[in-house]
Amino acid sequence: MDFATRIATWQQRHGRHDLPWQNTRDPYRIWLSEIMLQQTQVSTVIPYYQRFLERFPDLHALAAADQEAVMPYWAGLGYYARARNLHRCAQEIARDWGGRFPPDAAAIATLPGIGRSTAAAIAAFAYGERSPIMDGNVKRVFARHFGIAGDPARRETETRLWALADAQLHDGAGHGVDMPAYTQGLMDLGATVCIRGKPLCERCPVNETCIARREGRQAELPTPKARKPSPERSTGMLVLRHEGRILLEQRPATGIWGGLWSLPEFDIAQDARSACQALGATPAQAFELAAFSHTFTHFRLHVRPWYVVLAAPPSKDDRAWRWVDAFQTAQVALPAPVRKLIDGLFAAGLPEDAMAPAA
């Protein structure tokens with residue numbers, strides 16, 4: 001029994017079958033799950049996936065919506081370029097493909113935010129296409145099974161892995177294999193058996209031919225990526241409150257938290273009063289909140305927040321600003337740490353006049 005057949009057979013008997021995006025050939029639902037699952041755990045994705053589908057049940061509903069309406073259903077999931085590309089992709093399919101998903105992986109891969117592996121997964125699940133996938137978990141499976149050393153993120157190593165993945169489905173290999181089962185099986189194997197750290201080799205359906213197991217190299221394959229110290233950044237944030245509302249500022253479309261609403265920021269070398277004055281606002285009372293940190297993929301952000309009750313709102317007219325009721329931010333697309341800060345601050349219903357003297 002060849003590699004692909006063993007994986008597919010194992011998946012049918014022992015793999016995951018109850019995830020909310022399984023047991024469907026609908027490319028819209030498959031695509032949504034694949035985008036959400038990029039660099040995000042299944043347990044985190046499930047509630048987001050379900051809420052997103054309740055609001056946007058099909059591609060036409062998503063394409064017809066404004067991006068502003070889409071972002072709240074992604075806020076907290078991270079990697080926000082995924083949501084922007086998801087919306088762009090839906091509009092492109094509605095405009096250029098008559099509202100129907102492209103029919104094969106090659107065409108799917110031309111859409112915004114969809115790479116080769118994601119396109120192949122969608123085509124395999126929706127159309128049964130014989131196209132290999134190669135996400136992070138699958139790279140680990142192939143690197144161990146075929147004994148491929150080298151950082152999987154480097155081009156030469158990734159090229160070797162792709163060639164091996166392709167070989168399992170062509171030149172007579174994997175003939176007649178159930179492509180959805182094989183594709184899901186690779187994902188399940190990497191997520192539940194061939195895991196980081198100490199893999200569960202005794203449960204693996206291809207352990208008899210695995211080079212890493214035979215040579216005792218599970219801990220060294222795939223080759224760990226050389227890690228550099230994460231850069232540290234710092235910023236101040238202002239929770240500006242006036243007449244029961246707080247001021248939010250929309251982030252630029254690119255960069256961290258792109259397109260989301262957040263709190264006005266200031267240089268930590270400033271104090272709260274000068275930061276407010278720079279915005280054209282008059283502080284009445286203020287106090288410093290507990291600092292917190294948030295880790296992104298490539299850096300760590302340290303945030304120094306201040307709660308400020310304003311005597312008068314900012315005189316500056318800025319289209320990127322928005323006043324929101326302090327207790328009604330649920331429908332606003334806020335980054336997870338900002339939402340946590342605001343929710344925690346107002347959970348006790350802080351009165352506007354119970355603040356310390358302004359800084």
Side-chain angles (χ1 to χ4, degrees), residues 1-12 15-16 22 25 27 30-31 33-35 37-39 101-196 199 204-215 217-218 221-223 225:
M1 193 180 294
D2 60 33
F3 177 87
T5 303
R6 281 182 286 164
I7 296 287
T9 301
W10 172 83
Q11 198 283 328
Q12 291 165 338
R16 297 175 293 186
Q22 291 181 309
R25 291 288 182 129
I30 295 166
W31 163 58
S33 69
E34 289 296 321
I35 298 301
L37 286 166
Q38 291 173 356
Q39 298 180 291
F101 234 85
D104 54 58
I108 295 171
T110 66
L111 297 170
I114 300 181
R116 178 181 176 183
S117 184
T118 299
I122 295 169
F125 289 130
Y127 310 131
E129 182 174 319
R130 292 168 62 83
S131 296
I133 65 167
M134 190 53 63
D135 65 12
N137 283 343
V138 177
K139 285 181 180 179
R140 184 165 59 254
V141 171
F142 273 81
R144 283 175 173 163
H145 185 269
F146 295 100
I148 305 301
D151 182 354
R154 294 181 65 86
R155 180 174 296 179
E156 57 268 30
T157 308
E158 188 172 31
T159 298
R160 292 182 66 190
L161 293 172
W162 271 111
L164 284 166
D166 192 67
Q168 307 316 305
L169 296 173
H170 299 92
D171 300 325
H175 180 71
V177 70
D178 182 323
M179 278 305 299
Y182 172 59
T183 303
Q184 186 65 52
L186 286 173
M187 296 176 176
D188 291 352
L189 193 63
T192 66
V193 175
C194 194
I195 55 178
R196 291 189 183 93
C204 179
V206 292
N207 57 15
E208 293 181 358
T209 51
C210 178
I211 292 176
R213 180 174 182 263
R214 185 174 68 228
E215 299 178 356
R217 300 169 62 197
Q218 297 97 319
L221 292 175
T223 303
K225 182 178 180 180

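- The two residues T183 and A124 have their closest heavy-atom pair at OG1-CB, 3.4 Å.
- By the 4.5 Å heavy-atom criterion applied to side chains, F146 and R160 are not counted as neighbours.
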Working for side-chain contact (heavy atoms from CB on, under 4.5 Å), residues D178 and Q11: CA-CA 10 Å; D178 182 323; Q11 198 283 328; over 6 Å; no
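- Q22 places a side-chain N or O within 3.5 Å of a backbone atom of R16 that can act as its donor or acceptor partner.
- At most 12 heavy atoms of other shown residues, nucleotides or ligands fall within 6.0 angstrom of atom CD in E208.
- Here side-chain hydrogen bond (donor to acceptor under 3.5 Å, both in side chains) pairs that include residues 136-150, with residues two or more places apart or in two chains, are N137-R140, K139-E158, H145-T209.
- Here the closest heavy-atom approach between residue L189 and residue P205 is recorded as CD1-CD, 3.5 Å.
- The structure places OG1 of T118 at 9.5 Å from CG of L37, a figure rounded to the nearest 0.5 Å.
- Annotation: the span from S131 atom OG to H170 atom NE2 amounts to 7.0 Å, rounded to 0.5 Å.
- Atom CZ of R25 has more than 12 heavy atoms from other residues, nucleotides or ligands within 6.0 Å.
- Between I35 and W31 the shortest side-chain heavy-atom distance falls below 4.5 Å.
- Nearest approach of V141 to L186, heavy atoms of both residues: CG2-O, 4.4 Å.
- Using a 4.5 Å cut-off on side-chain heavy atoms (C-beta onward), D2 and R6 make no contact.
- Below 30°, between 30° and 60°, or above 60°: for Y182 and F3 the angle between ring planes is above 60°, a perpendicular geometry.
- In this structure, Y127 has no ring pair (Phe, Tyr, Trp, His ring centres under 6.0 Å) partners at least two apart in sequence or on a different chain.
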side-chain contact (heavy atoms from CB on, under 4.5 Å) between W10 and V206, intermediate numbers included: CA-CA 9 Å; W10 172 83; V206 292; over 6 Å; no
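- The heavy-atom pair separating A143 from L221 by the smallest distance is O-CD1, 3.8 Å.
- Once rounded to the nearest 0.5 Å, the distance linking OG1 of T159 with CE of M134 reads 11.0 Å.
- Under the 4.0 Å criterion applied to side-chain N and carboxylate O atoms, K225 and D151 are not assigned as salt-bridge partners.
- The minimum heavy-atom distance linking A120 with I133 is given by the pair CB-CG2, 3.9 Å.
- R214 is linked by a salt bridge (charged side-chain N to carboxylate O under 4.0 Å, His left out) to nothing, counting only residues two or more places apart in sequence or in another chain.
- Side-chain contact check for I108 versus F101: some heavy-atom pair is nearer than 4.5 Å.
- Applying the 6.0 Å contact sphere to CZ of R196 captures no more than 12 heavy atoms from other residues, nucleotides or ligands.
- No donor-acceptor pair closer than 3.5 Å links the side chain of D166 to the backbone N or O of A163.
- Looking only at distances, no side-chain donor or acceptor of T5 sits under 3.5 Å from a matching main-chain atom of M1.
- Between the side chain of T157 and the main chain of P152, no donor-acceptor pair closer than 3.5 Å is present.
- Of all the heavy atoms in I122 and I30, the pair that sits closest is CA-CG2, 3.9 Å.
- For the pair F125 and M179, the minimum side-chain heavy-atom distance is 4.5 Å or more.
- Here the CZ atom belonging to F142 is positioned 12.0 Å from the SG atom belonging to C210, to the nearest 0.5 angstrom.
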